[in-house]
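To keep things clear, I will list the structure first and then write my remarks on it.
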Amino acid sequence: QVQLVESGGGLVQAGGSLRLSCAASGSIQGINDMGWYRQAPGKQRELVASITSGGSTSYADSVKGRFTISRTNAENTVYLQMNSLKPEDTAVYYCNADVVRLWQGRYDYWGQGTQVTVSS
């Protein structure tokens, strides 16, 4: 069994910062791409940032220059450092991992979601 546990969400004023963490645990052989998605009420889930196993990163245009995704492969953890937060960043943030399970192939897993609220 594989689980992704998120932490770090909360309430912050506009211009502030938060750091999200997502730790994968279980029968993991390795993890390929990892990413952070977000979903606001009434909107579709969107990809915020992603990172490959080799450390290559991609960002949505709306967060470029403000958010930084990183990972520690040995700990199977992905982070999202969010700076200069804006009210429009308010959403539930979900981590995602392309996990290679021991002897069981690749599976896509999701964290439980963590609420990020940015006040004006």
Side-chain angles (χ1 to χ4, degrees):
Q1 187 176 8
V2 174
Q3 294 181 333
L4 272 60
V5 179
E6 302 179 27
S7 62
L11 174 64
V12 65
Q13 293 183 345
S17 298
L18 286 173
R19 182 175 172 86
L20 306 182
S21 299
C22 176
S25 62
S27 301
I28 299 172
Q29 181 174 318
I31 301 178
N32 297 314
D33 291 359
M34 304 184 79
W36 288 94
Y37 292 72
R38 67 186 181 188
Q39 187 168 22
K43 296 185 178 181
Q44 292 185 326
R45 187 171 299 185
E46 63 174 341
L47 177 63
V48 176
S50 64
I51 184 168
T52 69
S53 61
S56 297
T57 60
S58 296
Y59 298 92
D61 289 340
S62 60
V63 306
K64 286 181 179 178
R66 300 188 297 119
F67 291 10
T68 302
I69 188 171
S70 61
R71 66 188 288 172
T72 55
N73 291 336
E75 299 174 4
N76 293 327
T77 302
V78 63
Y79 306 92
L80 186 67
Q81 178 67 46
M82 304 184 294
N83 299 324
S84 301
L85 283 162
K86 304 175 181 179
E88 51 262 45
D89 295 319
T90 296
V92 177
Y93 284 70
Y94 299 89
C95 67
N96 172 266
D98 178 10
V99 177
V100 181
R101 296 181 62 187
L102 291 171
W103 308 109
Q104 298 185 43
R106 290 172 57 183
Y107 295 89
D108 204 37
Y109 289 92
W110 293 88
Q112 80 280 6
T114 184
Q115 177 70 48
V116 172
T117 302
V118 184
S119 63
S120 300

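The analysis underlying the following values was restricted to heavy atoms, covering all of them including side chains, and did not include hydrogens, waters or symmetry mates.
Residue pairs meeting the disulfide (SG to SG under 2.5 Å) criterion with at least one partner in residues 55-87, sequence neighbours excluded, do not occur; the list is empty. Contacts classified as disulfide (SG to SG under 2.5 Å) and involving residues 48-92 (residues at least two apart or in different chains) are not found. Every pair tested for ring pair (Phe, Tyr, Trp, His ring centres under 6.0 Å) that includes a residue from residues 70-90 fails, sequence neighbours excluded, so the list is empty. Sorted by first and then second residue, the disulfide (SG to SG under 2.5 Å) pairs with a member in residues 44-83 form an empty list; sequence neighbours excluded.
The shortest heavy-atom contact between Gln112 and Leu4 is OE1-O, 3.4 Å. Residues Asn32 and Arg106 share a closest heavy-atom pair of ND2-NE, 3.4 Å. Heavy-atom minimum distance, Ala91 versus Gln115: O-NE2, 3.4 Å. Heavy-atom minimum distance, Thr90 versus Val118: OG1-N, 2.9 Å. Shortest non-hydrogen contact noted between Asp33 and Ser53 is OD1-N, 4.3 Å. Here the shortest heavy-atom pairing between Glu6 and Cys95 reads OE2-N, 2.8 Å.
Two residues are said to be in side-chain contact when any heavy atoms from C-beta on lie closer than 4.5 Å; Tyr107 and Val2 fail this criterion.
Note that the CG atom of Asn76 and the CD1 atom of Ile31 stand 4.0 Å from one another [nearest 0.5 Å].
Remark: Ser62 pairs with Arg38, Ala60 by the side chain to side chain contact (heavy atoms under 4.5 Å, CB included) rule, at least two apart or across chains. Under the salt bridge (Lys or Arg N to Asp or Glu O under 4.0 Å) criterion, Lys64 pairs with Asp61, sequence neighbours left out. Arg45 pairs by the salt bridge (Lys or Arg N to Asp or Glu O under 4.0 Å) definition with nothing, not counting sequence neighbours. Remark: Arg101 pairs with no residue by the salt bridge (Lys or Arg N to Asp or Glu O under 4.0 Å) rule, at least two apart or across chains. Looking at residues two or more places apart in sequence or on another chain, you find a side chain to side chain contact (heavy atoms under 4.5 Å, CB included) between Thr68 and Tyr59, Gln81.
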**side chain to side chain contact (heavy atoms under 4.5 Å, CB included) assessment of Met82 paired with Asp89** = CA-CA 9 Å; Met82 304 184 294; Asp89 295 319; over 6 Å; no
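Grouping Ile, Leu, Val, Met, Phe, Trp and Tyr residues whose side-chain heavy atoms lie under 4.5 Å apart, directly or via other members, places Trp110 in a hydrophobic cluster with Tyr37, Leu47, Val92, Tyr94. The hydrophobic side chain of Val100 is isolated, with no ILVMFWY side chain under 4.5 Å apart from it.
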Under 3.5 Å, sequence neighbours excluded: what are the donor-acceptor pairs made by side chains of residues 7-28?
unit_1	atom_1	unit_2	atom_2	d
Ser17	OG	Asn83	OD1	2.8

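Within a 6.0 Å sphere centred on CD of Gln44, heavy atoms belonging to other residues, nucleotides or ligands number 12 at most.
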